[in-house]
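Working notes, structure below.
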Amino acid sequence: MARRTGYSMCTCGKRGYGDAHNAERALGRVTAKRRRIRAAVGTARGMKFEQRHYECDFGGVHLTSMSRRQYEEVAA
């Protein structure tokens, strides 16, 4: 039986994970799920792939599909 990664809704309104370790585990699980779906469908067109986690201003840890480079370009 697989262990689930717990999450709760953050104050900012997004799905939040308690710490970076839980977010990293969730990132691994969602990546594996996306790979299975991509293999079953035969294409990844239109799919969103989470790439990393970050800490928001409210202390929550979230997953994002935005790369570090994209984030730095938007933030600048």
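Just so it is clear, the values below take in all heavy atoms, side chains as well, and ignore hydrogens, waters and symmetry mates.
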Worksheet entry | Min side-chain heavy-atom separation Met47-Ile37 under 4.5 Å | yes
Worksheet entry | Gln70 CD to Gln51 CD distance, which is reported to the nearest 0.5 Å | 6.5 Å
Worksheet item: At what distance, to the nearest 0.5 angstrom, does OG of Ser67 lie from CD of Glu72?
Response: 8.5 Å
Worksheet item: Which pair of non-hydrogen atoms, one from Val61 and one from His53, has the smallest distance, and what is that distance?
Response: CG1-ND1, 4.0 Å
Discussion item. So Glu24 and His21, do their side chains get closer than 4.5 Å, heavy atoms only?
Written reply: no
Practice prompt. Check the hydrophobic clustering (I, L, V, M, F, W, Y; side-chain heavy atoms under 4.5 Å; chains of links allowed) and say if Leu63 and Tyr54 are grouped together.
Written response: no
Discussion item. On a heavy-atom basis, which atom in Tyr7 and which in Arg15 lie closest, and how many Å separate them?
Written reply: CD1-CG, 3.1 Å
Practice prompt. Report yes or no: is the cationic atom of Arg25 (NZ for Lys, CZ for Arg) closer than 6.0 Å to the six-membered ring centre of Tyr17, at no more than 45° off its axis?
Written response: no
Discussion item. I want to check a possible cation-pi pair here: Arg34 against Phe49, using under 6.0 Å from ring centre and within 45° of the ring axis as the test.
Written reply: no
Item to complete: Report the distance from atom CD of Glu73 to atom CZ of Arg68, rounding to the nearest 0.5 Å.
Response: 13.0 Å
Worksheet item: OG1 of Thr64 to CG of Leu27: how many Å apart, nearest 0.5 Å?
Response: 10.5 Å
Worksheet item: When rounded to the nearest 0.5 angstrom, what distance separates NE2 in His62 from CD in Glu55?
Response: 9.0 Å
